[in-house]
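First comes the structure, then the notes that go with it.
Both counts, for ligands and for their atoms, begin at 1 and track the order of listing. Owing to the predicted nature of the structure, the values given are computational and were not obtained by experimental measurement.
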Amino acid sequence: MQSNNKKMAGIYLHIPFCKTRCIYCDFYSTTMQEWQDRYIDALCKELEMRASYLKGEKIETVYFGGGTPSLLSAEAFNKIFDTIDRVYGMDYCKEITMEANPDDLNKAYIQQLALLPFNRISIGIQTFNDKTLQLLNRRHTAAQAIQAVEECRKAGFENISIDLIYGLPGENRQSWLTDLRRAISMDVEHISAYHLIYEEGTALWKMREQHKVDEIDEDSSVDFFAMMIDELTKAGYEHYEISNFCRPGKYSRHNSGYWIDTKYLGCGPSAHSYDRSNRQWNIASLEQYITGIENGQPKVEIEALDLTTRYNDFIITSLRTMWGLTLKALKLKFGEELYNYCLTNAQPHLTTGKLIMRDNTLYISKEGIFISDGIMSDLLWVE
Ligand code: SF4
């Protein structure tokens with residue numbers, strides 16, 4: 001993998017609609033689907049308004065996330081693709097992903113998707129335990145999820161990713177192992193698995209406050225993480241990022257872009273953009289987003305990134321991946337002082353073997369991965 005591609009960029013499109021809300025989710029979305037047509041027009045307009053944001057860099061990846069992109073019609077997707085192609089060009093696009101919910105992926109819809117430019121589909125399965133799916137207010141069963149993957153395969157999708165969540169209420173070693181083995185048996189190219197987070201303000205967070213659900217303990221979290229690494233790597237998946245596994249070469253180009261300092265343009269409410277010197281994000285409100293775009297006054301917040309913020313981002317994003325932190329790049333980008341600071345703080349972890357140095361690159365070791373947050377935070381610059 002090219003570790004710092006200056007010429008390529010990504011586009012992220014946020015599709016902020018959900019039929020219902022899952023109890024753990026804190027992504028921005030709304031159930032007001034009647035706004036869809038107006039939203040697609042606004043999204044296309046934003047793509048046009050921000051034509052110069054990427055300063056002519058070629059688009060390598062397009063990613064539809066949400067929310068629930070699989071609520072959009074083929075017609076809506078066509079409109080968006082036409083705009084991207086006209087304004088940015090898609091000739092260099094290698095990966096075009098859509099996130100999808102299993103309940104939307106019926107045979108007829110998948111066949112329509114197969115005719116669109118998508119070459120990667122990312123399906124939110126979360127767990128194969130129907131009772132837990134119900135508790136989470138997911139709208140599908142395990143059987144529907146399995147069928148959705150099979151239908152995508154039959155329709156010709158050769159790059160399928162699935163999302164899992166672990167550390168779920170009531171989960172134990174056996175049920176997590178069952179989930180992992182079922183995921184492996186689907187023979188998909190990519191698996192993302194995130195530990196459940198009780199995000200403040202979500203319905204799940206309130207349920208924990210009311211003692212209606214119990215959070216799993218720290219030891220089980222570590223154990224489940226270890227099981228995941230063990231099972232998936234035994235099955236031939238590369239553990240290329242803390243929460244991501246892939247068949248050789250099938251890493252998510254788009255998400256890897258976030259970890260290797262690629263520019264990206266994010267459109268839609270709550271979407272973030274990055275151009276290596278600033279981060280900016282759109283307002284997390286469908287109504288205000290649309291009116292802002294329609295009036296030619298987008299509601300955006302911008303944060304200029306100073307040297308130490310960029311250094312901290314570099315530490316966190318590069319150490320997460322199997323490509324590691326290249327010390328030469330660190331010195332070049334951030335200078336002697338931060339380079340020495342990083343090496344001094346890395347030393348104790350190098351001594352214990354939690355960090356490894358190879359070919360002038362720092363990697364978190366197999367043992368270190370269990371305390372990766374702590375290692376990264378030790379290397380961060382604190383004012
Ligand atoms: S998890 Fe996905 S489908 Fe569920 S509420 Fe969040 S964005 Fe919507």
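Between Phe245 and Ile229 the shortest side-chain heavy-atom distance falls below 4.5 Å.
Against a heavy-atom cut-off of under 4.0 Å, Arg138 is close to the following atoms of ligand 1: 1 (S), 3 (S), 4 (Fe). Against a heavy-atom cut-off of under 4.0 Å, Cys25 is close to the following atoms of ligand 1: 1 (S), 5 (S), 6 (Fe), 7 (S). Counting atoms of ligand 1 from 1 in the listed order, those under 4.0 Å from a heavy atom of Cys18 are 3 (S), 5 (S), 7 (S), 8 (Fe). Close approach of ligand 1 to Arg139 is summarised as follows: ligand atoms under 4.0 Å from at least one heavy atom of the residue are 3 (S). Of all the atoms in ligand 1, the ones that sit under 4.0 Å from a non-hydrogen atom of Asn101 are 3 (S).
Of all protein heavy atoms, the one lying nearest to atom 1 (S) of ligand 1 is Tyr24 OH, 3.5 Å. For atom 7 (S) of ligand 1, the nearest protein heavy atom (residue, atom name, distance) is Gly67 N, 3.2 Å.
For a distance bound of 2.8 Å, the N, O or S atoms of Cys22 include none lying that close to atom 8 (Fe) of ligand 1.
Summarising the geometry of Ser70 relative to Met98, their closest heavy-atom pair is CA-CE, 3.5 Å, with the distance given to 0.1 Å.
Ring geometry, His254 versus Tyr258: the interplanar angle exceeds 60°, so the pair is classed perpendicular (tilted spans 30 to 60°). Using bins of under 30°, 30° to 60° and over 60° for the plane-to-plane angle, the ring pair Tyr166/Phe225 lands in the parallel bin. Between Tyr39 and Tyr289, the ring planes are tilted. Angles from 30° to 60° get that label. Relative orientation of the Phe334 and Phe314 rings is tilted, given thresholds of 30° and 60° on the angle between their planes.
The proximity of Glu99 to ligand 1, defined as any non-hydrogen pair under 4.0 Å, does not occur for either the backbone or the side chain.
In Glu158, the CD atom is not crowded: 12 or fewer heavy atoms of neighbouring residues, nucleotides or ligands sit closer than 6.0 Å.
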